[in-house]
2 protein chains.
Amino acid sequence: MAAEIEDYYVQQDKMYVATDCIIFGFDEGNLKLLIFRRRVKPLLGSWSLIGSFVKLNEDVGEAAKRVLKEITGLENVFMEELRTYGAAERDPGFRCISIGQYALIRINDYDKELVEIHGAHWYDLEEVPDLVLDHNTMVKDALSRIRRKARYKPIGFELLPEKFTIPQLQQLYEAIYNKKIDSRNFRKKVLSLNVLTKLDEKDKYNSRRGAYLYKFDHKNYQKLQEFGFNFEIS
Amino acid sequence: MAAEIEDYYVQQDKMYVATDCIIFGFDEGNLKLLIFRRRVKPLLGSWSLIGSFVKLNEDVGEAAKRVLKEITGLENVFMEELRTYGAAERDPGFRCISIGQYALIRINDYDKELVEIHGAHWYDLEEVPDLVLDHNTMVKDALSRIRRKARYKPIGFELLPEKFTIPQLQQLYEAIYNKKIDSRNFRKKVLSLNVLTKLDEKDKYNSRRGAYLYKFDHKNYQKLQEFGFNFEIS
DNA sequence: TCAAAAGTGTTACAAATACACCCATGT
DNA sequence: ACATGGGTGTATTTGTAACACTTTTGA
């Protein structure tokens with residue numbers, strides 16, 4: 001009888017566990033999504049999120065980091081679980097659940113190259129094509145998550161380069177919330193958080209006058225991360 | 001070569017997928033957690049969350065609902081995914097990831113009996129004993145989730161019976177936030193949401209004078225669910 | 001009559017919103 | 001000199017926070 005109970009595990013079903021990364025970047029004033037052409041059957045050649053099966057000896061989070069590094073060369077990226085996609089019929093092959101994880105990345109030229117080498121591509125969010133399986137749903141869900149989360153955690157900042165201007169930060173939030181923000185109120189609110197250090201440099205890429213560059217005060221930024229803040233925007 | 005690619009799935013690892021339910025109730029002014037004694041080895045007899053393996057032909061969400069119904073007799077319960085517990089070493093037996101799902105339940109006497117029959121027990125949150133595996137972590141995580149979510153979704157209301165008093169609702173929020181709330185401000189805020197319908201009945205269980213019972217205006221309540229609201233409390 | 005919980009309003013303060021003009025610079 | 005985006009201040013409104021007494025009724 002004890003043996004029967006001990007055999008309980010063995011009687012259970014095993015299945016594949018995958019993870020798919022919803023990778024966001026911010027460039028040219030737009031939110032972008034990193035997708036690539038699937039290299040295995042079925043659905044070979046279709047656009048897809050970047051993902052991988054989870055190995056027996058590997059944490060789910062590790063699997064996502066592994067595949068993200070493979071394709072973007074990046075480590076220590078902001079990545080967080082979105083949710084499980086666990087419908088019985090979601091994969092036309094054998095039963096496979098997938099854990100969606102979204103990542104926020106600072107796009108730069110070096111990574112752009114690496115990404116192309118792997119057959120990946122940054123797409124404007126509005127122009128994302130049909131993706132395999134339920135991947136379009138994952139993207140939609142991840143976007144909702146970011147929109148909500150940006151209201152109380154400074155995750156938007158994960159998408160900016162080390163030095164950035166306040167108009168850039170505003171553009172980013174405009175892209176996330178998908179609406180125009182009053183620049184006076186935005187500036188007031190952002191500066192009141194006490195996480196920005198003004199530099200002596202200007203970025204003249206977008207205007208003749210140039211905009212002051214800022215960087216983060218990492219100590220205070222860390223506090224924001226931990227305790228959250230209120231960043232509702234009219 | 002094509003065959004090799006098609007064999008890609010077959011080369012992958014399969015594992016067990018479980019789901020564990022973090023079931024909250026509200027009774028006698030306290031948040032409670034439903035746990036039960038594990039009926040299988042290993043760890044037979046230890047306190048544990050209520051869970052189950054996910055079957056091959058079953059959605060992850062369905063699995064959670066199945067086991068919840070088995071033990072509480074309840075259907076159509078508020079249940080939502082918490083997150084995946086996917087560490088490689090989390091289960092001492094064979095590799096098994098678990099998807100935590102938290103549920104909010106209206107405790108009533110009928111269900112109390114059913115629960116006891118299944119060897120389950122409602123514990124005050126402060127008195128929850130050591131649970132197997134990472135289940136205590138799941139409880140902690142679920143509680144944080146509820147605390148955050150209660151600020152913008154009316155989930156607290158899921159824990160109340162159909163008819164309830166405003167002092168009860170306040171007690172509930174005091175239990176969730178773990179702090180005292182000013183009753184005048186609370187009442188003002190709750191009533192301003194326009195989701196409560198005052199009944200002519202009074203509940204005299206807690207006081208001689210009795211407190212008016214209310215129920216939800218389901219149409220407006222639905223809107224709150226969809227769009228969220230701001231329920232920060234001092 | 002008293003104990004115990006229910007119910008009620010106002011004032012002070014803080015934060016969010018709405019709004020329009022001058023500045024700096026490269027061409 | 002002008003076009004373009006960068007940068008600044010104030011008044012109004014809205015919402016949050018703090019605060020104490022009266023009412024009801026069963027025992």
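Here is how names work: the chains are called A, B, and so on, in the same order as the sequence lines, proteins then strands, and each is numbered from 1. No experiment lies behind these values; they were computed from the predicted model shown.
The separation between R187(B) atom CZ and dA20(D) atom C1' is 15 Å, rounded to whole Å. Taking atom CG of N230(B) as the reference point, atom P of dA16(C) lies 10 Å away to the nearest angstrom. Remark: P of dG6(D) and NZ of K198(A) are 13 Å apart, rounded to the nearest angstrom. For F229(A) and dA14(C), the CZ to P distance is 22 Å, given to the nearest whole Å. In this entry the distance linking NZ of K180(A) with P of dC19(C) reads 17 Å, nearest Å. As a whole-Å value, the separation of K179(B) NZ from dT16(D) C1' is 12 Å. Taking atom CG of L213(B) as the reference point, atom C1' of dA6(C) lies 13 Å away to the nearest angstrom. Between L191(B) atom CG and dT16(D) atom P there is a gap of 14 Å when expressed in whole angstrom units.
E28(B) pairs by the side-chain hydrogen bond (donor to acceptor under 3.5 Å, both in side chains) definition with K32(B), not counting sequence neighbours. Under the side-chain contact (heavy atoms from CB on, under 4.5 Å) criterion, E116(B) pairs with H121(B), sequence neighbours left out. Under the side-chain hydrogen bond (donor to acceptor under 3.5 Å, both in side chains) criterion, D59(A) pairs with no residue at all, not counting sequence neighbours. A search for side-chain hydrogen bond (donor to acceptor under 3.5 Å, both in side chains) contacts involving K188(B) returns N185(B), not counting sequence neighbours. In this structure, the side-chain contact (heavy atoms from CB on, under 4.5 Å) partners of D217(B), at least two apart in sequence or on a different chain, are T197(B), K219(B), N220(B). With sequence neighbours excluded, the residues that form a side-chain contact (heavy atoms from CB on, under 4.5 Å) with E127(B) are Y123(B), D124(B). The ring-ring contact (aromatic ring centres under 6.0 Å, His included) check on Y214(A) picks up nothing, with sequence neighbours excluded. Evaluation of the side-chain contact (heavy atoms from CB on, under 4.5 Å) rule for R184(B) yields D182(B) as partners, not counting sequence neighbours.
Annotation: of the two residues near DNA chain D, S183(B) and A211(A), the 5′-most nearest-nucleotide partner is A211(A).
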Write down the protein N/O and nucleotide N/O pairs, taken from nucleotides 23-27 of chain D, whose separation is under 3.5 Å; answer none if there are no such pairs.
{"unit_1": "dT23(D)", "atom_1": "O2", "unit_2": "R209(B)", "atom_2": "NH1", "d": "2.5"}
{"unit_1": "dG26(D)", "atom_1": "OP1", "unit_2": "K204(B)", "atom_2": "NZ", "d": "3.3"}
{"unit_1": "dG26(D)", "atom_1": "N2", "unit_2": "R208(B)", "atom_2": "NE", "d": "3.4"}
{"unit_1": "dG26(D)", "atom_1": "N3", "unit_2": "R208(B)", "atom_2": "NE", "d": "3.3"}

Provide a list of protein-nucleic acid N or O atom pairs under 3.5 angstrom, restricted to nucleotides 9-11 of chain C.
{"unit_1": "dT10(C)", "atom_1": "O4", "unit_2": "K188(B)", "atom_2": "NZ", "d": "3.1"}

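A salt bridge does not link R106(A) to E162(A): none of the charged side-chain nitrogens sits closer than 4.0 Å to a carboxylate oxygen.
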Distance-only donor-acceptor hits, side chain of residues 168-175 of chain B, under 3.5 Å, sequence neighbours excluded:
{"unit_1": "Q168(B)", "atom_1": "OE1", "unit_2": "T165(B)", "atom_2": "N", "d": "3.2"}
{"unit_1": "Q168(B)", "atom_1": "NE2", "unit_2": "D203(B)", "atom_2": "OD2", "d": "3.4"}
{"unit_1": "Q170(B)", "atom_1": "NE2", "unit_2": "E174(B)", "atom_2": "OE2", "d": "3.1"}
{"unit_1": "Q170(B)", "atom_1": "NE2", "unit_2": "I181(B)", "atom_2": "O", "d": "2.8"}
{"unit_1": "E174(B)", "atom_1": "OE2", "unit_2": "I181(B)", "atom_2": "N", "d": "2.9"}

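For F216(A) and F157(A), the distance between ring centers is under 6.0 angstrom.
Only at 4.0 angstrom or more do the heavy atoms of residues 157-172 of chain B sit from any atom of DNA chain D, so none qualifies.
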